[in-house]
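Note sheet for the following structure.
Just so it is clear, the structure is predicted and the values come from calculations on it, not from any experiment. Hydrogens, waters and symmetry mates play no part in the numbers below; they use all other heavy atoms, side chains included.
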Amino acid sequence: MADDALRMLVDLRDLTIQKVRIGFGNRISAIEGGRDQADEDTIDILDRYNYLFSEMEDELNKDISKLVAKYPIINKMMEVRGIGPTLAAKLVSLIDIRKADS
């Protein structure tokens, strides 16, 4: 059921971009909390990449939202509190309805 583009975007978001963004955020938090040290240039670089990866993640979320519009099941899934387009897309992209028809 899920097309290759949806699966690719979900995987890119979850397995790459989000993990890297979280890593940069954790490093920044450690520096701010005094658990790590870095000079100002390094902090500026970390902040810049954290921002860039956040922007990439936002763009992926937008693209995922556009793609999921063609799946009627996703509209039904999003009626459940806590399920948005990204989580619904993740679920749909992992299921091959031809193999799991019930």
Hits for side chain to side chain donor-acceptor pair (under 3.5 Å) against Glu59, two or more places apart or cross-chain, chain-then-number order -> Lys62

Item checked: same_hphob_cluster(Leu52, Ile28) at 4.5 Å side-chain heavy-atom cutoff -> yes

What do the steps show when you test Ser29 against Arg35 for side-chain contact (heavy atoms from CB on, under 4.5 Å), and what is the final call?
CA-CA 8 Å; Ser29 293; Arg35 298 179 305 278; 4.2 Å; yes

Could you tabulate the donor-acceptor pairs under 3.5 Å formed by side-chain atoms of residues 72-84, not counting sequence neighbours?
none

Taking every heavy atom of Gly25 against every heavy atom of Asn50, the minimum-distance pair comes out as N-OD1, 3.6 Å

Sequence neighbours excluded, the answer for salt bridge (Lys or Arg N to Asp or Glu O under 4.0 Å) partners of Lys66 is none

The side-chain contact (heavy atoms from CB on, under 4.5 Å) partners of Asp36 (sequence neighbours excluded) come to Arg27, Ala30, Ile31

Rounded to the nearest 0.5 Å, the CG atom of Leu91 sits from the OG1 atom of Thr86 at a distance of 11.0 Å

Can you list, pair by pair, the side-chain donor-acceptor contacts under 3.5 Å of residues 40-49, counting residues two or more places apart and other chains?
| residue | atom | partner | partner atom | Å |
| --- | --- | --- | --- | --- |
| Thr42 | OG1 | Asp39 | OD1 | 2.8 |

When every non-hydrogen atom of Ile64 is compared with those of Pro85, the smallest separation belongs to CG2-O, 4.2 Å

query: Does Leu60 share a hydrophobic cluster with Met8, counting links as ILVMFWY side-chain heavy atoms below 4.5 Å and allowing steps through other members?
result: yes

Separation between CD1 (Ile22) and CD1 (Ile17), nearest 0.5 Å, reads 11.5 Å

The reported gap from OH in Tyr71 to CG in Leu6 (rounded to nearest 0.5 angstrom) is 5.0 Å

Quick note, salt bridge (charged side-chain N to carboxylate O under 4.0 Å, His left out) partners involving residues 8-26, not counting sequence neighbours, are Arg13-Glu57, Asp14-Lys90, Arg21-Glu57

